[in-house]
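Inspection log for the structure reproduced underneath, given as structure tokens.
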Amino acid sequence: ALLKGEVKDSSVRFEASFAVQVLATGWSVIPFFPTEVGIEAIHFTMSASPADTTTGVAGESSQPASKPPLAQFIRDTKGYSLIARGPQSFTVTVVFHAPLQVAESTYTLSFLPPRSVINHLLLLIPEKGVNMLQTPPHRKERQKEEATTVETVLSEHDELKLSWKIEKD
């Protein structure tokens, strides 16, 4: 999964893309986001099949290309879940907001991304004087005059925990 986020006011707006493969036949429920996340937009794209059984050509499918995947998001007291009928493969692109905890000029983001083998995360903090206080162990930071970018890779059970302070001149 690829998650690109930008800090805006008291939340982080993420644009994320997830490749989903439902292997089981029938309906499956996949926990996706915690309750504190707000979803702005969702888009499903059907993946091409590896090879069509009649033509044997990779990327050709006997299904019409415009046919959407049998999937949707639901929200309950546990958060958002993806309900999908398998077997099928598709990509879901989600724009969502994760809340920031703000105390004086210190910002904290604690977020468990959807379960994925690898979550590649890019976060832009559009502020001057960013001093990172807590970061993932494996990360790249790039500070420019007007912004800081943090890039990290998380495994399927890693929670993202970031904290930073804005140093005023």
Side-chain angles (χ1 to χ4, degrees), residues 1-47 67-127 130-141 147-166:
L2 175 61
L3 296 93
K4 294 181 181 180
E6 182 175 347
V7 174
K8 294 188 179 205
D9 300 321
S10 59
S11 70
V12 178
R13 182 181 186 270
F14 283 101
E15 293 182 13
S17 180
F18 303 93
V20 178
Q21 205 173 21
V22 182
L23 300 175
T25 300
W27 291 97
S28 297
V29 178
I30 305 159
F32 226 81
F33 293 117
T35 56
E36 61 270 6
V37 166
I39 293 180
E40 180 181 318
I42 302 167
H43 179 74
F44 293 99
T45 305
M46 195 73 176
S47 297
K67 183 178 177 184
L70 292 171
Q72 72 177 37
F73 274 92
I74 61 161
R75 183 171 186 204
D76 60 19
T77 57
K78 297 176 192 164
Y80 290 93
S81 294
L82 176 65
I83 298 177
R85 187 171 182 184
Q88 68 173 324
S89 296
F90 56 91
T91 300
V92 59
T93 304
V94 184
V95 178
F96 66 96
H97 297 262
L100 286 173
Q101 302 300 317
V102 183
E104 297 176 21
S105 58
T106 301
Y107 298 79
T108 303
L109 173 63
S110 182
F111 170 68
L112 183 61
R115 188 173 174 192
S116 182
V117 175
I118 295 176
N119 282 308
H120 182 191
L121 189 125
L122 295 162
L123 178 66
L124 175 68
I125 305 168
E127 293 278 349
V130 173
N131 180 18
M132 299 304 295
L133 304 174
Q134 180 182 13
T135 58
H138 307 288
R139 78 205 174 279
K140 287 184 194 175
E141 280 177 48
T148 297
T149 303
V150 179
E151 181 175 3
T152 189
V153 175
L154 304 171
S155 69
E156 65 181 308
H157 297 292
D158 289 343
E159 182 174 4
L160 175 64
K161 291 185 180 190
L162 288 174
S163 183
W164 65 91
K165 188 173 184 89
I166 306 298

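Atom set for the values below is all heavy atoms of this structure, side chains included, hydrogens, waters and symmetry mates excluded. In this text the structure is predicted, and so the values were computed from the model without any measurement.
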Side-chain heavy-atom pair Ser17, Thr91 within 4.5 angstrom cut-off: yes

Spacing of Leu109 atom CG and Leu100 atom CG [to the nearest 0.5 Å]: 5.5 Å

4.5 Å side-chain heavy-atom contact, Val92 and Ile42: yes

From Leu123 atom CG to Thr148 atom OG1, the distance as rounded to the nearest 0.5 Å: 9.5 Å

Atom CD1 of Ile118 with >12 non-hydrogen neighbours under 6.0 angstrom: no

Candidates His120, Lys140, Arg139, His138 - the one meeting side chain to side chain donor-acceptor pair (under 3.5 Å) with Glu151: His120

Side-chain heavy atoms of Ser110 within contact of Gln101, under 4.5 Å: no

Sidechain N-carboxylate O distance under 4.0 Å for Arg13, Glu15: yes

Spacing of OG1 belonging to Thr135 relative to CG belonging to Leu162, to within rounding of 0.5 Å: 7.0 Å

Verdict with supporting geometry, Thr77 and Thr35, side chain to side chain contact (heavy atoms under 4.5 Å, CB included): CA-CA 7 Å; Thr77 57; Thr35 56; 5.8 Å; no

Test ring pair (Phe, Tyr, Trp, His ring centres under 6.0 Å) applied to Tyr80 and Phe32, step by step: CA-CA 6 Å; Tyr80 290 93; Phe32 226 81; 9.3 Å; no

OG1 on Thr25 to CD on Gln88, rounded to 0.5 Å: 11.0 Å

Distance-minimising heavy-atom pair for Ser81 and Pro31: OG-CA, 3.8 Å

Salt-bridge criterion met for Glu156 and Arg115 (N-O under 4.0 Å): yes

Heavy atoms from other residues, nucleotides or ligands near NZ of Lys4 exceed 12 (cutoff 6.0 Å): no

Nearest-0.5 Å distance, NE2 of residue His97 to OG of residue Ser10: 10.5 Å

Nearest-0.5 Å distance, OG of residue Ser89 to CE of residue Met46: 7.5 Å

Over 12 foreign heavy atoms within 6.0 Å of CG, Asp76: yes

Side-chain touch Asp158/Pro136, heavy atoms, less than 4.5 angstrom: no

Side chains of Asn119 and Leu3 in contact at under 4.5 Å (non-hydrogen atoms): yes

Other residues, nucleotides, ligands: >12 heavy atoms within 6.0 Å of Glu159 CD: yes

Whether over 12 other heavy atoms sit under 6.0 Å from Gln134 CD: yes

For the student: nearest non-hydrogen atoms of Leu23 and Pro87, plus distance: O-CB, 3.8 Å

Closest approach of Ala147 to Pro126 (non-hydrogen atoms, all atoms of both residues): CB-CA, 3.9 Å

Glu127 side chain vs Ile166 backbone, donor-acceptor pair below 3.5 Å: no

Aromatic ring proximity Phe96/Phe73, centre distance under 6.0 Å: no

Check: Ser163 main-chain N/O paired with Thr108 side-chain donor or acceptor under 3.5 Å: no

Partner of Val94 under side chain to side chain contact (heavy atoms under 4.5 Å, CB included), chosen from Phe14, Phe44, Phe33: Phe33

Exercise: identify the closest heavy-atom pair between Trp164 and Met132: CB-SD, 3.7 Å

Close side-chain approach of Val130 and Tyr107, heavy atoms under 4.5 Å: no

